[in-house]
Amino acid sequence: MPGTVQSVERAAAILHVVAAARGALGVTDIAEAVGLAKTTTHGLLRTLLHVGFVEQDRETGRYTVGSGLRRLGTPLDVNEVRSRASNWADALAARSGHTVRLATLAGEEEVVVVHHVFRPDDSAQELEVGVTLPARTTGLGKVLLAHAPDPRTARNGHGGRAAELAEVRARGWAAERGEHEPGRGCIAAPVRGPGGPVVAALGVSGPVTSLFDGRGAPRGLLLGMVTDAAAAVSRELGYGGA
């Protein structure tokens, strides 16, 4: 059997100390409790802070248990995701001029729209909250399938689908160019919760010609708006990644 990973053991020891403390602890306190050098302890704490497993008081520099650790094993409530995303979704619709939808995975074949912002014009529109969409042919679905925690779900699709989902994971966004509805498209990006798991997909939808250029590439400014908004929502949910 392979040996244990020392850095993981040390991080776990730090978490045990922080979780057992009655109050916030400083780096020196933690280092002494786990028997590590202060510099080593500080490096591990920076990583734990990055993934949300500890929190640091900005004034005192002392550490307590983070929201990411408290939520570990407890999925984020959809209402919380929607609430945290609301302002950013509204701003994305206003800036892009397109419909904005936030969706979560529902099984292996569908996604459900949990938040919908109308495009900012005077045309007739219908609220899509609660609407289910096919996962494999929509931008929102591709994002969620690509990052599904169940490997069987992540492999959903055949042939080129697996390669497409791998590309979505690598580049950080997904495109839909008329696969679900002719002439309509979507650009979507992942929304992450504490520690990094993808909990939702945020995207803009509209005419393919408005979202993509003549070569089929997402229009740069619009793509930036979508990925920036998704990253902002992720930070609202406690994700500390870049």
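Heavy atoms only: backbone and side chains are in, while hydrogens, waters and symmetry mates are out. Quick caveat: nothing in here was measured; it's all calculated off a predicted structure.
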Would you find a donor on one side and an acceptor on the other, under 3.5 Å apart, between the side chain of Arg192 and the backbone of Ser234?
no
Residues in side-chain contact (heavy atoms from CB on, under 4.5 Å) with Leu221, at least two apart?
Met225
Show every ring pair (Phe, Tyr, Trp, His ring centres under 6.0 Å) that has at least one partner inside residues 170-214, sequence neighbours left out.
none
Verify the cluster assignment for Leu211 and Val168: are they in a single hydrophobic cluster under the rule of side-chain heavy atoms below 4.5 Å apart?
no
How close do Gly203 and Val226 get, heavy atom to heavy atom, and via which atoms?
CA-CG1, 4.4 Å
When rounded to the nearest 0.5 angstrom, what distance separates CD1 in Ile187 from CG in Leu223?
6.0 Å
Find the distance between CD1 (Ile14) and CG (Leu25) and round it off to the nearest 0.5 Å.
11.0 Å
Thr137 and Glu179: which non-hydrogen atoms are nearest, and at how many Å?
O-CB, 3.6 Å
Decide yes or no for Ser86 and Asp90: does some side-chain heavy atom of the first lie under 4.5 Å from some side-chain heavy atom of the second?
yes
Does Ser205 offer a backbone N or O that forms a donor-acceptor pair with the side chain of Arg101 under 3.5 Å?
no
Between the side chain of Arg219 and the main-chain N/O of Ser210, is any donor-acceptor distance below 3.5 Å?
yes
Taking every non-hydrogen atom, the tightest pair across Ala230 and Leu202:
N-CD2, 3.8 Å
If you look at every heavy atom in Ala11 and Leu44, which pair is closest and at what distance?
N-CD1, 4.4 Å
Restricting to non-hydrogen atoms, name the atom on Ala174 and the atom on Gly139 that form the minimum distance, rounded to 0.1 Å.
CB-O, 3.5 Å
Which heavy atom of Val198 sits nearest a heavy atom of Pro190, and at what distance?
CG2-CB, 3.7 Å
Applied to residues 101-128, the ring pair (Phe, Tyr, Trp, His ring centres under 6.0 Å) test, sequence neighbours excluded, yields His116-Phe118
Could you go step by step and tell me if Glu176 and Lys142 meet the salt bridge (Lys or Arg N to Asp or Glu O under 4.0 Å) rule?
CA-CA 9 Å; Glu176 170 195 338; Lys142 292 174 187 179; over 6 Å; no
